[in-house]
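What follows is one structure encoded as structure tokens, with my remarks underneath.
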Amino acid sequence: MATTPLFPGFTPHRVATPDGQHIHALVGGSGPPLLLLHGHPQTSAIWHKVAPALAQHFTLVLADLRGYGDSAKPLGSPAPGNGDAEHALYSKRTMAADMLAVMQHLGHTRFAVLAHDRGARVAHRLAADHPDAVVRLVLLDIAPTLAMYEQTSDAFARAYWHWFFLIQPAPLPERLIEADPAAYIRDVMGRRSAGLAPFDARALAEYARCLALPGTAHGICEDYRAAAGIDLVHDRADRAAGRHLAMPVLALWGEQGVVHQCFKPLAEWQRVARDVRGHALPCGHYIAEEAPDALLTAALPFLLEATP
């Protein structure tokens, strides 16, 4: 039996990046441009419940981060002491440059961003490095990376164990993930507050398909290794220079999630951005799939403030 596509009517694009890689993106809808970035261990499929409503107001660009989905998965550090020792191929600065290239290729010089989890960390760096391009920013269920590492507690380390598993030297975590990618999806996502109930079977199948692709396990590990190293260098440089995000920021997080339990996300975003508002939503970590209506109710008015 044929499976109904998650994004009917959307057009796939393969866009070259400044360093010779490529990003896979889906484009649909009409109106001002809105870039949507997913989290771990997922793909742009996370947006399938909210895309129809958003596409009525915006031209949507659903991009897979490098290392994830059907985007390129460049080889970073294949073994301790070899390759890209700083994991710069997966720094959020590099990943942000990917997304700027995607939007410019599609003809969008200024755009809003709605981003979850790892994608929200890329969005933070995109807004910091290219403030003239990002007009509005919606960040889902994260506090700034530097704040989360500096405030790591026993409770946070136990709940976000994957942060510390994935940064172990290659190839240990890669080998364990590659042994059973579908089990990794079930374990990481299913152990959150809502279990696997909120997830469409088609989306889960897409996450499992992409995690099993050659290079994905390494790419996602490199994403986290970069976050624990070179990304913190960049964030500390911003803080030392007194740089703050200038565009309006909306921070939303799940009241049943770890970020709500272990951090004060609104206060932390107010430390790095000038114009921040936000609140918790009645869900866990995977906001776009657990509480799509609540997300639309909170995010749409904010995003539409920027439209004529």
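As the structure is a prediction and not an experimental result, all values here were calculated from the model. Residue numbers start at 1 and run along the sequence shown.
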Asp117-His285 side chain donor-acceptor pair, cut-off 3.5 Å: yes

N/O donor-acceptor pair under 3.5 Å between Arg110 side chain and Asp132 backbone: yes

Distance in Å, Leu300 CG paired with Leu295 CG, rounded so as to fall on 0.5 Å steps: 8.5 Å

Polar side chain donor-acceptor pair, His260 to Glu255, under 3.5 angstrom: no

Heavy atoms from other residues, nucleotides or ligands near CZ of Arg277 exceed 12 (cutoff 6.0 Å): yes

Cation-pi check, Arg118 onto Tyr224 ring (under 6.0 Å, within 45° of axis): yes

Summary of salt bridge (Lys or Arg N to Asp or Glu O under 4.0 Å) pairs that have at least one residue in residues 279-301, sequence neighbours excluded: none

Inter-residue atom distance Asp235.CG - His124.NE2, 0.5 Å rounding: 6.0 Å

Distance-only side-chain donor-acceptor flag, Ser71 / Arg66, under 3.5 Å: no

Donor-acceptor side-chain pairing of Tyr68 and Asp223 below 3.5 angstrom: yes

Those residues that, when tested against Asp187, pass side chain to side chain donor-acceptor pair (under 3.5 Å) (two or more places apart): none

In one Ile/Leu/Val/Met/Phe/Trp/Tyr side-chain cluster, 4.5 Å: Leu146, Val233: no

Near-ring test Tyr149/Trp163, centroid separation under 6.0 angstrom: yes

CG on Asp98 to NZ on Lys92, rounded to 0.5 Å: 11.0 Å

Heavy-atom donor-acceptor pair, Lys49 side chain to Trp47 backbone, under 3.5 Å: no

Side chain proximity check, Leu303 to Leu34, heavy atoms < 4.5 angstrom: yes

From Arg93 atom CZ to Asp231 atom CG, the distance as rounded to the nearest 0.5 Å: 9.0 Å

Nearest-0.5 Å distance that lies between atom CZ in Arg243 and atom CG in Asp129: 8.5 Å

Cluster link Leu304 to Leu36, ILVMFWY, side chain under 4.5 Å: yes

Test item: Ile185 and Leu211 side chains (from C-beta on) under 4.5 Å apart, heavy atoms: yes

4.5 Å side-chain heavy-atom contact, Leu54 and Leu296: yes

